[in-house]
Peer 1: 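First the structure, which I've put down as structure tokens, then a few questions once you've had a look.
Atoms within each ligand, like the ligands themselves, are counted from 1 in listed order. Fair warning: this is a prediction, and the values are worked out from it, not measured in the lab.
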Amino acid sequence: MRRLILTAAALGAAVLVSSGCGDSAAAPATYDSALDTASRSQQAPTVAMLEALVNIESGPGDAVGLAQMGDYLAGQLVALGATVTRHKAADGTPGDNIVGTLRGTGTRHILLMAHMDTVYPRGFLKDAPFRVDGNRAYGPGIADDKGGIAVILNTLALLNARSFREYGTLTVLFNTDEETGSFGSRELIQSLSASHDYVLSHEPSAASQESFGLATSGIAHATATIRGRASHAGVAPELGVNALTEAAALILRTQDIDNKDREIRFNWTLASAGSASNAIPAVATLTADMRYGRNQDLDAITAMLNERAQQKRLPEAEITIDVLRGRPAFNASEGGQALAARGQSIYNEVGGRIEISNVRIGGGSDAAYAALSGKPVLEGMGLPGAGYHTNADEYIMIDAIPRRLYLGARMIMDLSLGR
Ligand SMILES: [Zn+2]
């Protein structure tokens, strides 16, 4: 919708402006019936591709499967006209992160992401083969995240079919290690996101309630190493410094770091100490699971933990704290929220209903790494499904495929054209 606004600077001249700048308001309804029809025709090829993707087992660290998947995806991208580059994981995870690049005639740079790894070990497929039953297509990893891959590749096929090339750069990233924290691909995600204007991440959405999630928790782990001094527990316990006693005291004096109201969760989850029942333990180690809603809070939690560590019950004990940072917190920026509103509006055009959720999810996604760039990021562009990360049968909703392809194609077209 457009509206007339008179400004003083315009000296009485009527200035026609959009009711919102290109990125901060949902696009007006612009139903594209040709795209709708084409998206419906693309359903069967998408289901066929899902079968091919499910039949390549690509569990965590599966060198054979990830290599096979990388070759398949590179082949698909080349067939769509993309230039493909391969990027080894920074941490030695097997397989290649696959990047496909399409250069267009426009100026906007858009990054599409999905991950090729699943949580299922090799052999799982034998007992849970691909199958279609009514409106559901089943298979290990079919929702998370083979559905995301299929949406991206079939969206590109739709854009090619209508010779749409008005983007500047359209880049596709398929990474190998999302399920294990993306330690080997996070730098690649961050650098690609920084060089693009928009990031669309294709994780699945719950079939029971489709949604774009605007917030996920940051994750970190703290390890406390407590060093004391061994001594015979029966003969001369007072000559020892009991690392286990100090560890127990550390647990108690850090209880108040957990602060649910501030979206900070801090819980000790692993402990070990001692080597024999008759020896004062010289060493103890503790591990804490840390979750946070705001990235600046991680430094505050770490400082609080270090300060508490030095308030020792046994002065001779030594405590060192190591914090391993996992995914940062994701909080959709204004630009990201505008993408969600736009997506919701486009989805409505073809009968789709999708909620925009502010409820913070405890688990993370690669959207969090992408968002460190400050660029607008939208998560949840994959297929609606269920049963992922469980031993229940994982499936996607087949009738959602056309509307998801329509959504994917229209998002790229609108963002490319500055609509
Ligand atoms: Zn996933």
Peer 1: Does this structure show an ion pair linking Lys146 with Asp117, if we count only N-O contacts that are shorter than 4.0 Å?
Peer 2: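 Between Asp117 and Lys146 there is no salt bridge, as every charged N stays at least 4.0 Å from the carboxylate O atoms.
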Peer 1: Could you tell me whether Arg162 and Asp32 have a side-chain N and a carboxylate O separated by less than 4.0 Å?
Peer 2: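 Asp32 and Arg162: salt-bridged.
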Peer 1: Can you measure from OH (Tyr198) to CG (Asp414) and round to the nearest 0.5 angstrom?
Peer 2: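 Result: 10.0 Å between the selected atoms.
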Peer 1: Does this structure show an ion pair linking Asp197 with Arg108, if we count only N-O contacts that are shorter than 4.0 Å?
Peer 2: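 Here Asp197 does not pair with Arg108 in a salt bridge, since their nearest N and O are not under 4.0 Å apart.
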Peer 1: Nearest 10° is fine: what angle sits at the Zn ion (ligand 1) between OD1 from Asp144 and OE2 from Glu203?
Peer 2: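 Asp144 OD1 and Glu203 OE2 form an angle of 150° at the Zn ion (ligand 1).
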Peer 1: Quick check: does Asp145 put an N/O/S atom under 2.8 Å from the Zn ion (ligand 1)?
Peer 2: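 No, outside the cut-off.
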Peer 1: Is the Zn ion (ligand 1) less than 2.8 Å from an N/O/S atom of Glu179, whether that atom is in the backbone or a side chain?
Peer 2: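 Under 2.8 Å: Glu179 has no N, O or S contact with the Zn ion (ligand 1).
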